[in-house]
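Note: hydrogens, waters and symmetry copies are ignored here, and every other heavy atom, side chains too, is used.
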Amino acid sequence: MGTALDIKIKRANKVYRCGEILSGVVVITSKDTVQHQGISLTMEGSVNLQLSAKSVGVFEAFYNSVKPIQIINSTIEMVKPGKLPSGKTEIPFEFPLHVKGNKVLYETYHGVFVNIQYTLRCDMRRSLLAKDLTKTCEFIVHSLSQKGKLTPSPVDFTITPETLQNVKERASLPKFLIRGHLSSTNCVITQPLSGELVVESAEAAVKSIELQLVRVETCGCAEGYARDATEIQNIQIADGDVCRGLPIPIYMVFPRLFTCPTLETTNFKVGKRIGSYALFASAIKNKLLVSLQLLAGNGMNHCARKNKDVYCLVDVP
């Protein structure tokens with residue numbers, strides 16, 4: 001067995017907030033004495049942006065002007081050059097989670113075109129005859145709860161053949177009427193989205209009703225912005241030809257790693273939409289999209305913005 005390097009964070013869930021102390025130990029395990037040129041630990045936080053394949057070539061200046069946006073960067077020297085004894089050596093560390101100037105400690109978010117990530121990297125420098133050792137460990141940052149009372153913003157929706165968009169042959173669609181409501185489009189990210197949906201009438205048999213959470217990511221520069229919507233999760237709320245007039249509950253928990261409070265900055269934006277799908281036996285799928293604002297804690301996030309546009313469209317496979 002050679003020399004092994006590992007990072008162990010004190011908290012099992014690895015979740016921290018701005019102003020807290022990130023602590024843990026660096027573990028070096030070796031069966032022999034280890035000669036090294038110093039051991040350092042670096043804490044990094046950055047926003048990485050990229051364009052979708054359909055936008056490549058459209059915004060040439062994007063690749064030249066937008067580099068990873070650094071949120072936080074701090075390095076400490078844990079051990080000066082010397083030797084470590086054989087066996088297991090643990091070196092404790094502490095990092096205060098503070099940002100300088102007007103920078104903001106955004107919440108950890110793993111998207112498709114926008115990625116906000118925080119990592120710890122330990123480097124053990126060694127002589128030319130031995131390879132340097134590096135170990136990286138990710139930790140999670142959650143936004144602080146905002147003070148103030150959240151104002152509910154319920155929304156009612158109705159779907160009929162007349163409300164659908166992008167339909168070429170509207171006359172061929174079966175007659176149907178779907179009503180429903182969402183408890184609020186301003187949602188606290190730690191609480192579930194709720195509401196209900198009712199199929200009032202439908203000439204064709206309903207095969208399935210599904211609920212889809214969609215991320216809307218925008219990134220770019222002064223030359224222009226690219227906006228893309230991708231699915232986060234999809235859950236089925238009804239199966240088969242449901243009873244007419246029966247309220248169907250809507251209940252969705254937001255996956256924290258793949259969602260974050262609504263963000264709007266100079267170089268990128270992250271928003272969310274919820275979609276309700278009703279698939280009929282005739283293979284026609286009607287879809288409702290409602291814009292959501294995800295908030296941190298009990299109040300409005302620092303960069304959340306209100307947007308209650310409702311979109312209806314039809315997809316024909």
Side-chain angles (χ1 to χ4, degrees), residues 1-51 62-143 219 256-258 260 267-268:
M1 181 185 72
T3 303
L5 189 63
D6 195 15
I7 302 173
K8 292 185 178 180
I9 296 176
K10 186 175 182 180
R11 294 183 184 175
N13 61 4
K14 300 182 180 181
V15 175
Y16 290 85
R17 290 171 174 81
C18 184
E20 295 182 340
I21 302 296
L22 172 63
S23 60
V25 294
V26 171
V27 182
I28 301 108
T29 307
S30 178
K31 63 178 181 179
D32 299 315
T33 301
V34 180
Q35 182 80 30
H36 64 88
Q37 302 301 316
I39 301 174
S40 62
L41 187 66
T42 302
M43 177 177 63
E44 294 178 323
S46 63
V47 181
N48 293 289
L49 309 175
Q50 67 178 37
L51 292 179
F62 181 84
Y63 294 98
N64 298 326
S65 62
V66 178
K67 297 179 181 179
I69 303 170
Q70 189 178 93
I71 302 173
I72 189 171
N73 186 285
S74 181
T75 301
I76 57 174
E77 184 181 23
M78 304 190 71
V79 181
K80 295 183 178 180
K83 292 182 180 181
L84 293 176
S86 59
K88 184 178 179 180
T89 302
E90 293 188 353
I91 308 170
F93 66 84
E94 287 187 349
F95 272 113
L97 282 177
H98 294 295
V99 290
K100 297 179 179 179
N102 58 354
K103 292 186 177 181
V104 178
L105 208 62
Y106 302 121
E107 184 159 315
T108 297
Y109 169 68
H110 289 185
V112 178
F113 307 108
V114 178
N115 193 65
I116 305 173
Q117 191 172 25
Y118 299 87
T119 58
L120 285 172
R121 190 187 74 248
C122 183
D123 297 299
M124 177 189 285
R125 298 179 297 277
R126 304 169 77 183
S127 63
L128 296 176
L129 299 178
K131 186 178 180 181
D132 292 350
L133 296 180
T134 299
K135 179 67 177 181
T136 302
C137 175
E138 182 180 8
F139 64 95
I140 311 299
V141 171
H142 282 178
S143 299
C219 54
R256 290 304 300 272
L257 195 60
F258 304 104
C260 67
N267 295 109
F268 67 95

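Of the inter-residue distances, the one linking Ser30 atom OG with Leu5 atom CG reads 11.5 Å to the nearest 0.5 angstrom. Here CZ of Arg11 is found 8.5 Å from CG of Leu22. Values are rounded to the nearest 0.5 Å. Atoms CE and SG, from Met78 and Cys122 in turn, are 6.0 Å apart once rounded to the nearest 0.5 Å. The distance from atom CZ of Phe93 to atom CD1 of Ile7, rounded to the nearest 0.5 Å, is 6.5 Å. With values rounded to the nearest 0.5 angstrom, Lys135 atom NZ is found 13.0 Å from Asp123 atom CG. One distance of note links CD1 of Ile140 with NE2 of His110; it measures 6.0 Å at 0.5 Å rounding.
Ring planes of Tyr118 and Phe139: tilted class, angle from 30 to 60°.
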Kindly determine whether Ser23 and Glu94 satisfy side chain to side chain contact (heavy atoms under 4.5 Å, CB included), including the steps that lead there. CA-CA 4 Å; Ser23 60; Glu94 287 187 349; 3.9 Å; yes

Just do the side chain to side chain contact (heavy atoms under 4.5 Å, CB included) check on His36 and Ile28 with the steps written out, would you?
CA-CA 12 Å; His36 64 88; Ile28 301 108; over 6 Å; no

**Study point:** side chain to side chain contact (heavy atoms under 4.5 Å, CB included) between Val27 and Lys88, worked out
**Key:** CA-CA 7 Å; Val27 182; Lys88 184 178 179 180; 3.7 Å; yes

I'd like to know whether Leu84 forms a side chain to side chain contact (heavy atoms under 4.5 Å, CB included) with Ile39, so could you lay out the CA-CA distance, the side-chain angles of the two residues, the decisive distance to 0.1 Å, and finally the verdict. CA-CA 11 Å; Leu84 293 176; Ile39 301 174; 3.9 Å; yes

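Between Gly19 and His98, the shortest heavy-atom distance links the atoms CA-CE1, 3.6 Å. The minimum heavy-atom distance linking Lys131 with Arg126 is given by the pair O-CD, 3.0 Å. In terms of heavy atoms, Leu97 sits closest to Arg17 at CD1-O, 3.7 Å. In this structure, Phe258 and Tyr109 approach most closely via the heavy-atom pair O-CE1, 3.3 Å. Taking each heavy atom of Pro92 and Val25 in turn, the nearest pair found is CA-CG1, 3.8 Å.
Using a 4.5 Å heavy-atom cutoff, the side chains of Ile71 and Ile116 are in contact. For the pair Lys103 and Ile72, the minimum side-chain heavy-atom distance is 4.5 Å or more.
Looking only at distances, no side-chain donor or acceptor of Glu107 sits under 3.5 Å from a matching main-chain atom of Cys260. A distance-only check finds a donor-acceptor pair linking the side chain of Thr108 to the backbone of Val141 [under 3.5 Å].
Shown here are the side-chain contact (heavy atoms from CB on, under 4.5 Å) partners of Thr42, two or more places apart in sequence or in another chain: Glu44, Asn73, Thr75, Arg121.
Between Glu90 and Lys8 there is no salt bridge, since no side-chain nitrogen of the basic residue lies less than 4.0 Å from a carboxylate oxygen of the acidic one.
Of the candidates Thr136, Ile9, Val26, Leu120 forms a side-chain contact (heavy atoms from CB on, under 4.5 Å) with just one, namely Ile9.
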